[in-house]
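Report on the structure given below.
The structure presented is a predicted model; accordingly, all values stated were derived computationally and were not measured. Side chains included, hydrogens not; waters and symmetry mates left out as well; all remaining heavy atoms used.
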2 protein chains.
Amino acid sequence: MRSDEIIRRLRRSGYKVTPQRVSIIKTLLGSREALTPAALFQKVRLVDPTVGEVTVYRTLNILSELGLVCVVSTAENVNGYIVRPGGHHDHLICSECGKVVDFRNCNVSELEKRLASETGFVIKEHRLDLYGLCPQCA
Amino acid sequence: MRSDEIIRRLRRSGYKVTPQRVSIIKTLLGSREALTPAALFQKVRLVDPTVGEVTVYRTLNILSELGLVCVVSTAENVNGYIVRPGGHHDHLICSECGKVVDFRNCNVSELEKRLASETGFVIKEHRLDLYGLCPQCA
DNA sequence: TGGTAATTGAAAAGGTTTTTCAGTAAGCTC
DNA sequence: GAGCTTACTGAAAAACCTTTTCAATTACCA
Ligand SMILES: [Zn+2]
Ligand SMILES: [Zn+2]
Ligand SMILES: [Zn+2]
Ligand SMILES: [Zn+2]
(Lines give C-alpha, C1' and ligand atoms only; values in the text may rest on other atoms or scores of the structure.)
(Ligands and ions follow the chains in the order given, each with its own letter.)
Protein backbone atom coordinates (compact mmCIF):
# COMPACT_ATOMS: atom_id res chain seq x y z
CA MET A 1 0.00 0.00 0.00
CA ARG A 2 1.27 3.49 -0.86
CA SER A 3 1.13 6.47 1.49
CA ASP A 4 -1.16 8.28 -0.97
CA GLU A 5 -3.77 5.59 -0.56
CA ILE A 6 -3.58 5.64 3.21
CA ILE A 7 -3.83 9.43 3.27
CA ARG A 8 -6.83 9.33 0.94
CA ARG A 9 -8.52 6.81 3.21
CA LEU A 10 -7.86 9.04 6.22
CA ARG A 11 -9.36 12.10 4.54
CA ARG A 12 -12.29 10.12 3.23
CA SER A 13 -13.07 8.96 6.76
CA GLY A 14 -13.23 12.54 8.00
CA TYR A 15 -9.80 12.79 9.57
CA LYS A 16 -7.56 15.75 8.90
CA VAL A 17 -4.31 15.18 7.10
CA THR A 18 -1.64 16.80 9.27
CA PRO A 19 2.10 16.84 8.61
CA GLN A 20 2.59 14.76 11.76
CA ARG A 21 0.27 12.03 10.50
CA VAL A 22 1.97 12.03 7.13
CA SER A 23 5.40 11.67 8.75
CA ILE A 24 4.18 8.80 10.91
CA ILE A 25 2.57 6.95 7.99
CA LYS A 26 5.63 7.33 5.77
CA THR A 27 7.94 6.12 8.49
CA LEU A 28 5.78 3.11 9.15
CA LEU A 29 5.67 2.32 5.44
CA GLY A 30 9.45 2.67 5.27
CA SER A 31 9.99 -0.14 7.75
CA ARG A 32 9.87 -3.71 6.59
CA GLU A 33 9.42 -5.02 10.10
CA ALA A 34 6.75 -4.26 12.66
CA LEU A 35 7.47 -1.28 14.90
CA THR A 36 6.36 -0.72 18.47
CA PRO A 37 4.90 2.72 19.22
CA ALA A 38 8.13 3.65 21.00
CA ALA A 39 10.31 2.46 18.10
CA LEU A 40 8.15 4.29 15.60
CA PHE A 41 8.40 7.46 17.68
CA GLN A 42 12.20 7.18 17.71
CA LYS A 43 12.30 6.85 13.93
CA VAL A 44 9.79 9.60 13.24
CA ARG A 45 11.43 12.20 15.44
CA LEU A 46 14.60 11.93 13.33
CA VAL A 47 12.81 13.17 10.22
CA ASP A 48 10.14 15.28 11.90
CA PRO A 49 10.85 16.57 15.41
CA THR A 50 7.40 18.17 15.63
CA VAL A 51 5.82 14.75 16.17
CA GLY A 52 5.06 13.94 19.79
CA GLU A 53 4.80 10.45 21.24
CA VAL A 54 1.12 10.92 22.01
CA THR A 55 0.37 11.60 18.37
CA VAL A 56 2.11 8.38 17.40
CA TYR A 57 -0.27 6.47 19.67
CA ARG A 58 -3.27 8.39 18.39
CA THR A 59 -2.35 7.83 14.76
CA LEU A 60 -1.73 4.12 15.26
CA ASN A 61 -5.13 3.81 16.89
CA ILE A 62 -6.82 5.51 13.94
CA LEU A 63 -4.96 3.40 11.37
CA SER A 64 -5.80 0.31 13.34
CA GLU A 65 -9.47 1.26 13.53
CA LEU A 66 -9.55 1.80 9.78
CA GLY A 67 -7.87 -1.57 9.27
CA LEU A 68 -4.85 -0.01 7.57
CA VAL A 69 -2.26 -1.51 9.88
CA CYS A 70 -2.12 -4.90 11.47
CA VAL A 71 -1.04 -5.56 14.99
CA VAL A 72 1.43 -8.27 15.87
CA SER A 73 2.63 -9.21 19.34
CA THR A 74 6.31 -8.69 19.98
CA ALA A 75 8.56 -10.30 22.53
CA GLU A 76 8.23 -7.60 25.19
CA ASN A 77 4.50 -7.50 25.93
CA VAL A 78 4.13 -4.56 23.59
CA ASN A 79 2.25 -4.61 20.34
CA GLY A 80 4.02 -3.98 17.05
CA TYR A 81 2.37 -2.31 14.09
CA ILE A 82 2.95 -2.94 10.42
CA VAL A 83 1.14 -1.67 7.35
CA ARG A 84 -1.33 -4.30 6.32
CA PRO A 85 -0.62 -5.79 2.91
CA GLY A 86 -3.54 -6.31 0.57
CA GLY A 87 -4.95 -9.82 0.32
CA HIS A 88 -3.23 -12.65 2.09
CA HIS A 89 0.14 -12.66 3.52
CA ASP A 90 2.08 -15.89 3.53
CA HIS A 91 5.70 -16.48 4.44
CA LEU A 92 8.32 -19.19 4.48
CA ILE A 93 10.76 -18.24 7.23
CA CYS A 94 14.20 -19.71 7.96
CA SER A 95 14.62 -20.09 11.71
CA GLU A 96 18.39 -20.07 11.32
CA CYS A 97 19.23 -17.08 9.10
CA GLY A 98 15.91 -15.23 9.12
CA LYS A 99 15.41 -15.35 5.38
CA VAL A 100 11.79 -14.76 4.38
CA VAL A 101 10.25 -15.98 1.16
CA ASP A 102 6.75 -14.91 0.16
CA PHE A 103 4.34 -17.23 -1.56
CA ARG A 104 0.76 -16.91 -2.74
CA ASN A 105 -0.54 -20.26 -3.85
CA CYS A 106 -1.46 -21.23 -0.31
CA ASN A 107 -4.78 -22.89 -1.03
CA VAL A 108 -6.35 -22.33 2.37
CA SER A 109 -9.66 -21.07 0.98
CA GLU A 110 -11.14 -24.54 1.33
CA LEU A 111 -10.15 -24.61 4.99
CA GLU A 112 -11.59 -21.13 5.43
CA LYS A 113 -14.94 -22.26 4.09
CA ARG A 114 -15.06 -25.25 6.37
CA LEU A 115 -14.09 -23.25 9.48
CA ALA A 116 -16.59 -20.53 8.61
CA SER A 117 -19.44 -23.03 8.63
CA GLU A 118 -18.19 -24.77 11.77
CA THR A 119 -17.57 -21.68 13.89
CA GLY A 120 -19.80 -18.96 12.45
CA PHE A 121 -16.81 -16.69 11.85
CA VAL A 122 -16.79 -14.52 8.73
CA ILE A 123 -13.22 -14.95 7.54
CA LYS A 124 -11.72 -12.07 5.61
CA GLU A 125 -8.02 -12.66 5.33
CA HIS A 126 -5.27 -14.81 6.69
CA ARG A 127 -1.61 -15.09 7.35
CA LEU A 128 0.30 -18.32 7.10
CA ASP A 129 3.87 -18.51 8.39
CA LEU A 130 5.85 -21.67 7.76
CA TYR A 131 9.01 -22.06 9.83
CA GLY A 132 11.97 -24.22 8.96
CA LEU A 133 15.41 -24.21 7.41
CA CYS A 134 16.29 -22.76 4.04
CA PRO A 135 18.40 -24.79 1.58
CA GLN A 136 21.61 -23.03 2.68
CA CYS A 137 21.01 -23.63 6.39
CA ALA A 138 19.58 -27.15 6.17
CA MET B 1 -2.13 -31.03 26.17
CA ARG B 2 -3.21 -32.31 29.57
CA SER B 3 -2.46 -30.59 32.87
CA ASP B 4 -0.48 -33.64 33.97
CA GLU B 5 1.93 -33.14 31.12
CA ILE B 6 2.37 -29.46 31.82
CA ILE B 7 2.93 -30.13 35.51
CA ARG B 8 5.49 -32.80 34.69
CA ARG B 9 7.30 -30.40 32.40
CA LEU B 10 7.34 -27.78 35.14
CA ARG B 11 8.79 -30.17 37.69
CA ARG B 12 11.31 -31.54 35.22
CA SER B 13 12.53 -28.00 34.56
CA GLY B 14 13.20 -27.44 38.26
CA TYR B 15 10.08 -25.46 39.14
CA LYS B 16 8.04 -26.34 42.19
CA VAL B 17 4.50 -27.52 41.71
CA THR B 18 2.36 -25.32 43.96
CA PRO B 19 -1.42 -25.42 44.30
CA GLN B 20 -1.57 -21.91 42.84
CA ARG B 21 0.27 -22.96 39.71
CA VAL B 22 -1.93 -26.00 39.30
CA SER B 23 -5.07 -23.88 39.60
CA ILE B 24 -3.77 -21.42 37.01
CA ILE B 25 -2.80 -24.15 34.55
CA LYS B 26 -6.13 -25.95 34.89
CA THR B 27 -8.07 -22.75 34.40
CA LEU B 28 -6.08 -21.85 31.31
CA LEU B 29 -6.63 -25.34 29.91
CA GLY B 30 -10.33 -25.03 30.60
CA SER B 31 -10.68 -22.06 28.28
CA ARG B 32 -10.92 -22.51 24.53
CA GLU B 33 -10.13 -18.90 23.86
CA ALA B 34 -7.08 -16.89 24.78
CA LEU B 35 -7.20 -15.19 28.18
CA THR B 36 -5.49 -11.99 29.22
CA PRO B 37 -3.66 -12.12 32.56
CA ALA B 38 -6.49 -10.12 34.13
CA ALA B 39 -9.19 -12.40 32.70
CA LEU B 40 -7.30 -15.48 33.83
CA PHE B 41 -6.95 -14.00 37.31
CA GLN B 42 -10.71 -13.38 37.46
CA LYS B 43 -11.44 -16.97 36.50
CA VAL B 44 -8.86 -18.52 38.81
CA ARG B 45 -9.89 -16.61 41.92
CA LEU B 46 -13.37 -18.15 41.63
CA VAL B 47 -12.02 -21.65 42.12
CA ASP B 48 -8.94 -20.80 44.19
CA PRO B 49 -8.95 -17.52 46.12
CA THR B 50 -5.40 -18.08 47.35
CA VAL B 51 -4.04 -17.17 43.92
CA GLY B 52 -2.78 -13.60 43.64
CA GLU B 53 -2.59 -11.61 40.43
CA VAL B 54 1.19 -11.45 40.61
CA THR B 55 1.39 -15.22 40.61
CA VAL B 56 -0.72 -15.34 37.47
CA TYR B 57 1.82 -13.10 35.73
CA ARG B 58 4.72 -15.13 37.06
CA THR B 59 3.20 -18.43 36.01
CA LEU B 60 2.37 -17.18 32.52
CA ASN B 61 5.96 -16.02 32.12
CA ILE B 62 7.27 -19.45 33.12
CA LEU B 63 4.87 -21.29 30.81
CA SER B 64 5.76 -18.93 28.01
CA GLU B 65 9.47 -19.46 28.59
CA LEU B 66 8.99 -23.23 28.47
CA GLY B 67 6.98 -22.86 25.28
CA LEU B 68 3.86 -24.34 26.87
CA VAL B 69 1.60 -21.40 26.08
CA CYS B 70 1.52 -19.14 23.07
CA VAL B 71 0.94 -15.44 23.11
CA VAL B 72 -1.58 -13.75 20.85
CA SER B 73 -2.37 -10.06 20.66
CA THR B 74 -5.85 -9.03 21.66
CA ALA B 75 -7.87 -5.92 20.84
CA GLU B 76 -6.87 -3.92 23.92
CA ASN B 77 -3.10 -3.74 23.67
CA VAL B 78 -2.82 -6.60 26.09
CA ASN B 79 -1.45 -10.00 25.27
CA GLY B 80 -3.65 -13.06 25.55
CA TYR B 81 -2.35 -16.48 26.53
CA ILE B 82 -3.52 -19.85 25.39
CA VAL B 83 -2.13 -23.33 26.00
CA ARG B 84 -0.09 -24.31 22.99
CA PRO B 85 -1.39 -27.37 21.24
CA GLY B 86 1.24 -29.91 20.23
CA GLY B 87 2.94 -29.12 16.90
CA HIS B 88 1.28 -26.32 14.99
CA HIS B 89 -0.79 -23.59 16.49
CA ASP B 90 -3.51 -22.04 14.41
CA HIS B 91 -5.87 -19.22 15.28
CA LEU B 92 -9.15 -17.71 14.25
CA ILE B 93 -9.06 -14.05 15.28
CA CYS B 94 -11.91 -11.54 15.41
CA SER B 95 -10.71 -8.19 14.04
CA GLU B 96 -13.47 -6.40 15.88
CA CYS B 97 -13.39 -7.65 19.46
CA GLY B 98 -10.06 -9.47 19.47
CA LYS B 99 -11.47 -12.86 20.41
CA VAL B 100 -9.10 -15.70 19.58
CA VAL B 101 -10.17 -19.29 18.99
CA ASP B 102 -7.64 -21.98 18.28
CA PHE B 103 -8.17 -24.87 15.91
CA ARG B 104 -6.14 -27.89 14.93
CA ASN B 105 -7.44 -29.55 11.82
CA CYS B 106 -5.70 -27.13 9.49
CA ASN B 107 -4.58 -29.56 6.82
CA VAL B 108 -1.60 -27.57 5.55
CA SER B 109 0.76 -30.56 5.57
CA GLU B 110 0.06 -31.13 1.90
CA LEU B 111 0.98 -27.53 1.14
CA GLU B 112 4.11 -27.94 3.26
CA LYS B 113 5.20 -30.95 1.22
CA ARG B 114 4.67 -29.15 -2.04
CA LEU B 115 6.52 -26.01 -0.92
CA ALA B 116 9.35 -28.11 0.48
CA SER B 117 9.97 -29.75 -2.87
CA GLU B 118 9.59 -26.46 -4.76
CA THR B 119 11.83 -24.32 -2.56
CA GLY B 120 14.19 -26.74 -0.83
CA PHE B 121 13.11 -25.53 2.60
CA VAL B 122 12.88 -28.05 5.44
CA ILE B 123 9.62 -27.03 7.09
CA LYS B 124 9.31 -27.73 10.80
CA GLU B 125 6.27 -25.89 12.07
CA HIS B 126 3.77 -23.30 11.06
CA ARG B 127 1.34 -20.76 12.28
CA LEU B 128 -1.88 -19.96 10.48
CA ASP B 129 -3.89 -16.93 11.57
CA LEU B 130 -7.29 -16.38 10.01
CA TYR B 131 -8.77 -12.91 10.49
CA GLY B 132 -12.43 -12.05 10.33
CA LEU B 133 -15.50 -11.40 12.43
CA CYS B 134 -16.82 -13.66 15.14
CA PRO B 135 -20.53 -14.57 15.24
CA GLN B 136 -21.24 -11.82 17.82
CA CYS B 137 -19.49 -9.09 15.80
CA ALA B 138 -20.59 -10.15 12.32
C1' DT C 1 11.01 -34.77 60.25
C1' DG C 2 13.97 -30.94 59.60
C1' DG C 3 16.57 -27.92 56.26
C1' DT C 4 16.82 -25.07 52.33
C1' DA C 5 15.78 -22.66 48.53
C1' DA C 6 11.92 -21.44 45.67
C1' DT C 7 7.36 -19.35 45.91
C1' DT C 8 3.74 -16.47 47.60
C1' DG C 9 0.79 -12.09 48.22
C1' DA C 10 0.92 -7.29 49.01
C1' DA C 11 2.97 -3.05 48.20
C1' DA C 12 5.93 -0.32 45.53
C1' DA C 13 8.15 0.66 41.37
C1' DG C 14 8.60 0.78 36.45
C1' DG C 15 6.57 0.94 31.82
C1' DT C 16 3.08 1.74 28.48
C1' DT C 17 -1.13 3.90 26.86
C1' DT C 18 -4.93 7.10 27.35
C1' DT C 19 -7.08 11.36 28.94
C1' DT C 20 -7.12 16.20 29.80
C1' DC C 21 -6.49 20.85 28.33
C1' DA C 22 -5.09 25.16 26.32
C1' DG C 23 -3.14 26.54 22.13
C1' DT C 24 -2.73 25.62 17.04
C1' DA C 25 -3.84 24.55 12.36
C1' DA C 26 -6.46 21.92 8.58
C1' DG C 27 -10.15 22.40 5.61
C1' DC C 28 -14.34 24.62 4.28
C1' DT C 29 -16.89 28.88 2.82
C1' DC C 30 -16.81 33.14 1.05
C1' DG D 1 -6.53 34.76 0.32
C1' DA D 2 -9.18 35.75 4.99
C1' DG D 3 -12.14 34.12 8.45
C1' DC D 4 -14.60 30.28 10.92
C1' DT D 5 -15.19 26.07 12.82
C1' DT D 6 -13.76 22.00 14.54
C1' DA D 7 -10.34 18.57 14.82
C1' DC D 8 -5.59 18.06 16.14
C1' DT D 9 -1.30 18.85 18.73
C1' DG D 10 2.23 18.42 22.59
C1' DA D 11 2.93 18.27 27.45
C1' DA D 12 1.48 16.85 31.78
C1' DA D 13 -1.34 14.02 34.43
C1' DA D 14 -3.93 10.01 35.01
C1' DA D 15 -4.92 5.33 34.23
C1' DC D 16 -3.38 0.91 33.21
C1' DC D 17 -0.46 -3.16 32.84
C1' DT D 18 3.61 -5.73 34.36
C1' DT D 19 7.66 -6.48 37.09
C1' DT D 20 10.40 -6.01 41.29
C1' DT D 21 11.01 -6.04 46.19
C1' DC D 22 10.49 -8.22 50.62
C1' DA D 23 9.13 -10.77 54.66
C1' DA D 24 6.55 -14.89 55.49
C1' DT D 25 5.31 -19.42 53.81
C1' DT D 26 5.79 -23.91 51.72
C1' DA D 27 7.31 -27.61 48.34
C1' DC D 28 10.66 -30.90 48.03
C1' DC D 29 14.73 -33.49 49.20
C1' DA D 30 17.51 -35.85 52.46
ZN1 LIG E 1 18.55 -19.93 6.35
ZN1 LIG F 1 -2.64 -17.37 1.73
ZN1 LIG G 1 -15.79 -10.43 17.72
ZN1 LIG H 1 -1.78 -25.99 11.41
Counting heavy atoms from C-beta on, name the nucleotide in dT6(D), dT19(D), dT7(C) closest to the side chain of Thr18(B). dT7(C)
Atom pair distance, as rounded to whole Å: CD1 in Ile62(B) and P in dA6(C): 12 Å
Hey, does Glu53(B) reach any base, or is it just sugar-phosphate, or nothing, if we go heavy atoms under 4.0 Å? nothing
Choosing from dA26(C), dA11(C), dT8(C), which nucleotide comes nearest the side chain of Val54(B)? dA11(C)
Find the distance Asp48(A):CG to dA25(C):P and express it as a whole number of Å. 13 Å
What is the distance, rounded to the nearest whole Å, between atom CD1 of Ile7(A) and atom C1' of dG27(C)? 15 Å
Check whether any side-chain N or O of Tyr57(B) sits under 4.0 Å from OP1 or OP2 of dT19(D), and answer yes or no. no
Does any N or O in the side chain of Asp129(A) come within less than 3.5 Å of the main-chain N or O of His126(B), such that one atom is a donor and the other an acceptor? no
Which of dA26(C), dA27(D), dT9(D) is nearest the side chain of Lys16(B)? It is dA27(D)
Could you tell me whether a side-chain N or O of Arg127(A) sits under 3.5 Å from a main-chain N or O of Leu130(B), the two making a donor and an acceptor? no
Are OP1 or OP2 of dA26(C) and a side-chain N or O of Arg21(A) less than 4.0 angstrom apart? no
Taking dC28(D), dT8(C), dC8(D) as options, the one with an atom nearest any side-chain atom of Arg58(B) is dT8(C)
Does Tyr15(B) offer a backbone N or O that forms a donor-acceptor pair with the side chain of Ser13(B) under 3.5 Å? no
For the pair made of OH in Tyr15(B) and C1' in dA27(D), what is the distance, rounded to whole Å? 16 Å
Using whole Å, report how far CG of Leu35(A) lies from P of dT17(C). 13 Å
Find the distance Leu63(A):CG to dC8(D):P and express it as a whole number of Å. 12 Å
Using a cut-off of 4.0 Å on non-hydrogen atoms, how would the nucleic acid contact of Pro49(A) be classed: base, sugar-phosphate, or nothing? nothing
Measure CZ/Phe41(B) against P/dT18(D) and give the value in whole Å, please. 13 Å
Can you see if the side chain of Asn61(A) gets near the phosphate of dT17(C) - specifically, an N or O under 4.0 Å from OP1 or OP2? no
Quick check: closest heavy atoms across Ser23(A) and Val51(A), and the distance to 0.1 Å? CB-CG2, 4.2 Å
State plainly whether the residues Glu118(A) and Arg114(A) are in salt-bridge range, i.e. N to O under 4.0 Å. yes
Closest-nucleotide mapping onto DNA chain D: is Ala38(B) or Val56(A) further toward the 5' terminus? I mean the 5' end. Val56(A)
